[in-house]
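Single-structure report; data block below.
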Amino acid sequence: MSLEIKDKHYAAVHVGNPAKSFSASESNEAERRGWDEETYRLKNHDMNNHYDITRKHLNFEINGDGEIVPLGSNPIPLHERLLQRLEQLGFKQYKDKNNPSVVANNSPNCTIGIIISGDHDVLTRLAFGDQKVDFTLKTSNADVRLRQGIKDWAKDTYAWACERWGEENIIGFDVHCDETTPHIHIQTIPVAMTKARGRASTTAERGKQECVSFAGVWGKNKYEFNTSKEQIHTDYHDKVGYKYGLERGEHISMLSPEERRNRVHKNKAVLEAERQAKDAVAKSRAEKKAVEEQKARIEYDIVEAEQRKSDCYQGKNGYAGRT
């Protein structure tokens with residue numbers, strides 16, 4: 001990979017799989033509801049997880065009024081808000097005949113999640129500025145405060161999402177700053193305008209209404225769905241990413257093996273190795289600087305000593321003051 005490509009900062013837009021519903025535990029994870037120290041500890045048993053409870057206070061969400069509030073401020077959990085919005089739209093989930101509390105496998109897809117993130121250095125700078133943040137979970141980050149940059153990025157992303165899917169169809173907009181890289185979880189309901197059902201004397205009289213329609217928003221087949229996902233990268237870059245120095249992201253399948261490795265989520269072992277390497281480089285540079293300074297002092301002392309010796313010699317031989 002060339003240095004030019006390596007130095008580029010990319011946005012990351014990940015569109016999840018369409019879903020018929022999601023569980024209360026998934027909802028609570030997105031909003032960190034009920035997450036205490038023990039929850040964080042258990043989550044971090046997986047080396048690929050990197051949840052920092054000392055940065056939990058930095059998480060936030062944007063509510064239906066476009067306001068930034070602490071994460072989990074909405075008294076209605078995310079999975080319940082999904083059901084409320086579906087009811088408003090007149091959408092009925094199919095239930096399993098043997099277990100009415102479970103959504104049937106043949107029920108239409110009615111929600112999809114999108115994760116927005118990007119280059120680690122860019123987003124951590126937006127979130128934390130020049131504050132020292134320990135990403136290895138070795139020391140507390142309780143004193144770290146959120147910077148305005150990450151809020152501006154989130155607001156611009158929220159405006160983009162509202163324009164694309166409709167503010168009322170964004171049931172969750174959660175910003176996580178307690179993991180490796182700040183990122184946004186957007187939970188949406190695909191809503192399209194369709195012809196209203198019922199009799200009408202003419203086609204012109206048959207109005208349109210909002211309807212849950214995955215096909216109407218994301219495409220009727222896998223090809224159209226993939227095309228929609230690709231278009232999102234361009235759309236997000238043109239509306240938001242470029243403002244924050246983020247290049248248009250590419251689907252991971254389009255990347256070279258080396259680039260794929262660079263996009264892999266860093267676990268704590270990798271972060272610790274990187275921290276130790278940075279510390280070693282910093283220590284080496286400090287030692288080199290100290291040696292150079294000591295060498296300069298010695299050279300100066302030698303010159304001074306030689307000058308004093310010369311002055312003393314001239315004085316003893318009667319040279320001082322001669323014309």
Side-chain angles (χ1 to χ4, degrees), residues 1 3-13 32 37 40 44 48-62 67-71 115-160 173-185 236-237 239-249 262-293:
M1 185 192 302
L3 182 62
E4 179 183 0
I5 296 298
K6 188 183 295 184
D7 287 344
K8 285 188 176 181
H9 305 299
Y10 289 95
V13 182
R32 302 293 193 259
E37 188 172 352
Y40 274 83
N44 286 327
N48 287 314
N49 287 343
H50 190 270
Y51 297 98
D52 182 2
I53 192 171
T54 67
R55 282 188 281 139
K56 182 182 179 183
H57 65 286
L58 303 177
N59 295 331
F60 63 94
E61 63 182 78
I62 297 183
E67 302 169 331
I68 290 179
V69 295
L71 185 62
I115 298 177
I116 309 288
S117 188
D119 183 85
H120 175 78
D121 291 338
V122 172
L123 292 180
T124 52
R125 187 169 60 250
L126 288 174
F128 312 124
D130 58 0
Q131 297 173 95
K132 186 176 181 180
V133 180
D134 181 4
F135 294 100
T136 67
L137 307 182
K138 298 291 183 181
T139 59
S140 173
N141 294 303
D143 293 334
V144 174
R145 293 294 176 262
L146 212 58
R147 295 294 185 249
Q148 184 62 38
I150 200 72
K151 298 177 183 179
D152 293 339
W153 172 68
K155 285 181 178 179
D156 285 342
T157 302
Y158 181 75
W160 166 80
F173 191 94
D174 306 322
V175 184
H176 294 163
C177 297
D178 60 350
E179 297 181 62
T180 306
T181 301
H183 57 275
I184 299 168
H185 285 259
Y236 184 74
H237 171 265
K239 297 292 179 62
V240 182
Y242 81 95
K243 294 175 62 176
Y244 298 91
L246 296 169
E247 297 286 338
R248 181 194 183 281
N262 289 335
R263 300 287 183 91
V264 173
H265 179 75
K266 298 178 181 180
N267 62 34
K268 291 187 286 296
V270 173
L271 286 166
E272 176 62 15
E274 289 183 349
R275 183 191 68 78
Q276 292 179 3
K278 288 180 180 179
D279 287 348
V281 170
K283 182 179 180 181
S284 176
R285 288 175 177 170
E287 290 175 347
K288 181 180 179 181
K289 182 178 180 181
V291 169
E292 290 176 345
E293 290 176 348

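We number each residue from 1, following the sequence as shown.
With hydrogens and angles ignored, the 3.5 Å screen pairs no side-chain donor or acceptor of S117 with any backbone N or O of A11.
Residues R248 and Y10 form no side-chain contact, since every pair of their non-hydrogen atoms from C-beta on lies 4.5 Å or further apart. Residues H176 and L71 form a side-chain contact, since some pair of their non-hydrogen atoms from C-beta on lies under 4.5 Å apart. D174 is not listed as a side-chain neighbour of N59, based on a closest heavy-atom distance of 4.5 Å or more.
Rounded to the nearest 0.5 Å, atoms CH2 (W153) and OH (Y244) are 9.5 Å apart. Rounded to the nearest 0.5 angstrom, K155 NZ and E67 CD are separated by 9.5 Å. Rounding to the nearest 0.5 angstrom, the gap separating the CD1 atom in I116 from the OG1 atom in T157 is 6.5 Å. From I68, atom CD1 reaches atom CG of D152 across 7.5 Å, with rounding to the nearest 0.5 Å. Between the NZ atom in K151 and the CZ atom in F60 there is a gap of 7.5 Å [rounded to 0.5 Å].
Applying the side-chain hydrogen bond (donor to acceptor under 3.5 Å, both in side chains) rule to E247 yields no partners; only residues at least two apart in sequence or on another chain are considered.
Between L58 and L146, the shortest heavy-atom contact is O-CD2, 3.4 Å. Here the shortest heavy-atom pairing between V175 and A154 reads CG2-CB, 4.1 Å. The shortest heavy-atom contact between D119 and V122 is OD2-N, 3.0 Å. Here the shortest heavy-atom pairing between G118 and T181 reads O-CG2, 3.8 Å.
Within a 6.0 Å radius of CD in Q148, other residues, nucleotides and ligands contribute more than 12 heavy atoms.
Residue pairs meeting the salt bridge (Lys or Arg N to Asp or Glu O under 4.0 Å) criterion with at least one partner in residues 49-61, sequence neighbours excluded, are D52-R55.
A salt bridge links D178 with R32: the closest approach of a Lys/Arg side-chain nitrogen to an acidic carboxylate oxygen falls below 4.0 angstrom.
Using cut-offs of 30° and 60° on the angle between ring planes, the pair W160 and Y236 is perpendicular.
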Considering only distance and modelled atom types, tabulate donor-acceptor pairs under 3.5 Å from the side chains of residues 123-132, sequence neighbours left out.
from	atom 1	to	atom 2	distance (Å)
T124	OG1	H120	O	2.7
T124	OG1	D121	O	3.3
Q131	OE1	R145	N	2.9
Q131	NE2	F128	O	2.9
Q131	NE2	R145	O	2.6

